[in-house]
Amino acid sequence: MTKSNAYIPPVDAVMDIFRQLNNIPRPSHHEEKVADFLCDFARKLGLEYRRDENNCVVIRKPASPGHEQAEPVVVLNHMDMVCVGMDDPLTQPIVPYEDNGWMKARGTSLGADNGIGLSMALAVLADDNIVHGPIEVMTTTNEEDGMSGAAGLAEDFLQGRKVINLDSEDYDTITTGAAGAYLQFHRLPATPEKAPGGKRRWFRISIQGGKGGHSGVDINKGRASAVVIAWALLAAIYNEVDVQLADIKVGEANASIASSAEIIVTVPSGEQAEFVKEQEVMLNDWIKEEFGDSDPDMRCTIEKTDARDTILPESAFEALMLCLEQIPQGVVKMSETLKDTVETSNNVGRIFVDGDHIVVTTHTRSFIYDDMEALGKEIANVFKEEGGDSELVMAAPAWQEKQDSDFLNLTSDVFNEVLGWRPRKVAMHFVLEAGYFVRKFPGIEIACIGPRIVEPHSTAERVELSTVADIWQVFVTMLMRMA
């Protein structure tokens with residue numbers, strides 16, 4: 001029960017909108033349908049809106065009567081999500097269900113990141129009984145895979161300079177800073193060749209059941225990366241037998257720790273084929289020993305499969321193995337000033353074949369931009385030395401708010417008023433769009449809050465429903481206080 005005298009509607013309105021969002025496909029780079037939904041939402045309410053060429057949408061709602069002179073408030077969210085466990089993210093809806101106080105999804109990621117925050121913003125637009133000053137609900141695209149939406153915003157897209165960002169996943173904190181991100185796509189030449197003849201065995205190597213997770217939030221939790229597992233297995237085979245690589249697909253999303261892999265290889269029949277098959281038991285024993293606590297369901301299977309017409313060049317296979325051996329994966333450095341916080345990390349999100357190339361994506365993060373850029377360039381140089389090239393997709397700046405600002409103190413005061421406790425003020429190792437907004441809109445201040453979301457960017461993603469209700473109360477009360 002809130003201690004505030006603010007009018008706060010039931011959280012049911014938020015969850016109803018969230019369920020509507022979960023029927024709309026919204027993977028990064030394909031947000032057209034959800035942008036349509038937002039524009040229709042504004043039109044039905046008679047509200048002004050603007051949509052740019054990147055499908056970012058801002059909806060403006062006038063102040064409640066008597067509060068027209070209040071400073072405008074920006075409510076920031078992103079409309080895309082990381083789609084994990086979906087056969088076709090462009091058509092497959094999310095099927096949410098409740099389990100012992102949590103909302104989860106059946107076999108896929110839930111999209112609570114950032115669908116819950118967006119639903120809160122839309123619920124405020126739809127309820128004229130909530131007291132607030134002028135509101136701008138700002139919803140960006142491609143936050144999860146390059147932040148091109150935020151980076152491409154026009155300088156006149158926003159009027160407000162006080163921003164409530166509802167994209168935090170840590171219920172008991174105000175996120176006051178975020179790491180920068182350096183996302184790269186590396187391409188190794190790999191023009192397919194005719195498969196060798198003679199007596200050969202073809203194998204499908206599958207790695208499944210990893211927890212995966214957010215490559216920033218979960219990078220220091222000791223999770224098994226399917227990239228590391230796949231490299232270890234391929235290295236064992238590569239060093240002992242005449243193996244050819246026909247296809248490789250590792251990972252689900254650029255911003256996730258890889259939880260699965262599927263690889264097709266061929267070796268001569270006989271002892272070499274038996275050697276490959278024997279690696280299944282040894283690899284599973286190693287996975288259990290090294291990652292049994294963090295990833296108890298991860299398993300490898302090696303099964304016979306049909307022959308392929310083509311293979312990838314041996315030079316490409318060798319180059320891939322050498323690159324993966326040299327680039328860091330996981331935590332690179334812990335912060336000396338932020339307790340128990342990762343300062344710099346790197347994650348290989350995906351490996352896949354695209355036409356005449358093997359593509360490897362790396363997501364480098366750091367609170368120190370120069371360190372992040374240096375590590376990113378070092379990784380690109382590794383691929384260059386092996387004949388590859390690299391494309392810089394995103395170089396998002398880090399962001400750090402002043403810990404004692406009046407705006408953050410107001411946010412903390414509202415938590416205490418509504419919930420009876422004060423949140424921590426924490427800088428996080430995930431990446432937020434805040435860095436772009438601080439650069440683009442001078443004088444902007446940002447407070448980032450949100451409900452408890454666990455295992456984002458994975459099929460285990462879930463949100464604690466009681467915390468959704470609590471943050472909804474905090475959010476609505478903040479709007480009233482700022483009015």
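Quick note: residue numbers are just sequence positions, from 1. Below, all heavy atoms of this structure are taken into account, side chains as well, without hydrogens, waters or symmetry copies.
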- Side-chain heavy atoms of Met478 within contact of Val73, under 4.5 Å: no

- Does NZ belonging to Lys288 count more than 12 external heavy atoms closer than 6.0 Å? no

- Assess whether side-chain contact (heavy atoms from CB on, under 4.5 Å) is satisfied between Ile287 and Asp295, documenting all intermediate values. CA-CA 8 Å; Ile287 292 172; Asp295 294 78; 5.9 Å; no

- Message: Tell me whether Lys104 is salt-bridged to Glu455, with the criterion being a basic N under 4.0 Å from an acidic carboxylate O.
- Response: no

- Query: Do Thr140 and His78 get their side chains close enough for a donor-acceptor pair, meaning under 3.5 Å?
  - Reply: no

- Task: Return the minimal non-hydrogen interatomic distance between Leu90 and Pro27, and the atom names on each side.
- Result: CD2-CG, 3.8 Å

- Reported OG-to-CZ distance for the pair Ser109 and Arg462, which is rounded to 0.5 angstrom: 13.5 Å

- Query: Has the side chain of Ser260 got a donor or acceptor atom that lies under 3.5 Å from a matching backbone atom of Gln208?
  - Reply: no

- Which heavy-atom pair separates Thr459 from Gly85 by the least distance, and what is that distance? CG2-CA, 4.0 Å

- Query: Is His357 reaching over with its side chain to a backbone N or O of Arg187, donor-acceptor style, under 3.5 angstrom?
  - Reply: no

- Please say whether the positively charged group of Arg106, taken as NZ for Lys or CZ for Arg, lies over the ring of Tyr97, i.e. under 6.0 angstrom from the six-membered ring centre and within 45 degrees of the axis. yes

- Query: Would Thr467 and Trp102 count as a side-chain contact (heavy atoms from CB on, under 4.5 Å) if you check the C-alpha gap in whole Å, the side-chain angles of each, and the deciding distance to 0.1 Å?
  - Reply: CA-CA 10 Å; Thr467 68; Trp102 295 79; over 6 Å; no

- Looking only at heavy atoms, which two atoms of Ile263 and Ala230 are closest? And how far apart? CD1-CB, 3.8 Å

- Note on the structure: Closest heavy-atom pair, Asp80 versus Asp145, reported as atoms and distance to 0.1 Å, is OD2-N, 4.4 Å

- Message: Are there over 12 heavy-atom neighbours, none belonging to Arg439, within less than 6.0 Å of that residue's CZ?
- Response: no

- Val463 and Asp113: side-chain contact (heavy atoms from CB on, under 4.5 Å), yes or no, with the steps? CA-CA 9 Å; Val463 60; Asp113 174 15; over 6 Å; no

- Aromatic rings Trp286 and Phe291: how do their planes relate, parallel, tilted or perpendicular, breaks at 30° and 60°? perpendicular

- Task: Hey, could you give me the CZ/CG distance between Phe41 and Leu45, rounded to the nearest 0.5 Å?
- Result: 5.5 Å

- Task: Output yes when a side-chain donor or acceptor of Glu417 lies under 3.5 Å from a complementary backbone atom of Phe415, and no otherwise.
- Result: no

- So, do Leu38 and Leu118 sit near enough that their side-chain heavy atoms are less than 4.5 Å apart? yes

- Item | From Thr139 atom OG1 to Leu122 atom CG, the distance as rounded to the nearest 0.5 Å | 6.5 Å

- Measure from the side-chain N and O atoms of Ser119 to the backbone N and O of Gly115, and report whether any donor-acceptor pair falls under 3.5 Å. yes

- Message: Tell me the closest heavy-atom pair linking Gly111 and Glu461, and the distance in Å.
- Response: N-OE1, 3.1 Å

- Message: Take a 6.0 Å sphere around CG of Asp88 and say whether it holds more than 12 heavy atoms from other residues, nucleotides or ligands.
- Response: yes

- Message: Tell me if a side-chain donor or acceptor on Arg161 pairs with a main-chain N or O of Pro442 at a distance below 3.5 Å.
- Response: yes

- Message: Rounded at 0.5 Å granularity, tell me how far CG in Asn77 sits from CG in Asn114.
- Response: 4.0 Å

- OG1/Thr108 to CE/Met86 distance, rounded to the nearest 0.5 angstrom? 4.0 Å

- Task: May I ask you to decide if Cys56's main-chain N or O and Asn54's side chain share a donor-acceptor pair within less than 3.5 Å?
- Result: no

- Item | Between Ser259 and Arg223, a side-chain donor and acceptor under 3.5 Å | no

- Mind telling me whether His457 and His214 have parallel, tilted or perpendicular rings, with 30° and 60° as the class edges? parallel

- Message: Donor-acceptor check, side chain of Glu98 to backbone of Leu465, threshold 3.5 angstrom: yes or no?
- Response: no

- Any side-chain heavy atom of Ile8 sitting closer than 4.5 Å to one from Trp472? yes

- Sole residue of Met147, Met79, Glu31 in side-chain contact (heavy atoms from CB on, under 4.5 Å) with Asn142: Glu31

- Message: Measuring from atom CG of Leu21 to atom CZ of Phe37, what distance do you get when rounded to the nearest 0.5 angstrom?
- Response: 5.0 Å

- Message: Before you tell me yes or no, could you show the steps for Leu324 and Ile351 under side-chain contact (heavy atoms from CB on, under 4.5 Å), namely the whole-Å CA-CA distance, both residues' side-chain angles and the distance that decides it to 0.1 Å?
- Response: CA-CA 10 Å; Leu324 294 179; Ile351 304 171; 3.9 Å; yes

- Would you check if there is a donor-acceptor pair between the side chains of Lys425 and Asn409 at a distance under 3.5 Å? yes

- Report the C-alpha separation of Lys61 and Asp127 in whole Å, then their side-chain angles, then the decisive distance to 0.1 Å, and conclude whether the salt bridge (charged side-chain N to carboxylate O under 4.0 Å, His left out) test is met. CA-CA 11 Å; Lys61 184 178 182 181; Asp127 194 325; over 6 Å; no

- Query: How about Asp99: does its CG atom have over 12 heavy atoms from other parts shown lying under 6.0 Å from it?
  - Reply: yes

- Item | Side-chain (Glu136) to main-chain (Gly160) donor-acceptor, under 3.5 angstrom | yes

- Non-hydrogen side-chain atoms of Met428 and Asp170 separated by less than 4.5 Å: yes

- Note on the structure: Only one of Thr176, Thr175, Asp172, Thr173 passes side chain to side chain donor-acceptor pair (under 3.5 Å) with Arg424, and that residue is Asp172

- Measure the shortest side-chain to side-chain distance between Tyr436 and Trp399 over non-hydrogen atoms and say whether it is less than 4.5 angstrom. no

- Query: Does Ser64 reach the main-chain N or O of Ile130 with its side chain, forming a donor-acceptor pair under 3.5 Å?
  - Reply: yes

- Among side-chain atoms of Asn254 and Thr361, is any donor-acceptor pair under 3.5 angstrom? yes

- Taking Arg60 for its side chain and Val58 for its backbone only, find out whether a donor-acceptor pair lies under 3.5 Å. no

- Between Phe441 and Val163, is any pair of side-chain heavy atoms under 4.5 Å apart? no

- Assess the side chains of Arg19 and Asn23: does a donor N or O sit below 3.5 Å from an acceptor N or O? no

- Item | Ion pair Arg51/Asp36, N-O distance below 4.0 Å | yes

- Task: Evaluate the side-chain proximity of Glu343 to Met334: yes if any heavy-atom separation is below 4.5 Å, no if none is.
- Result: no

- Below 4.5 Å, heavy atoms only, C-beta onward: do Arg452 and Ser466 meet side chain to side chain? no

- Message: For a quick test of reading the model, state the closest non-hydrogen atom pair linking Ser294 to Gly222 and the distance between them.
- Response: OG-O, 3.1 Å

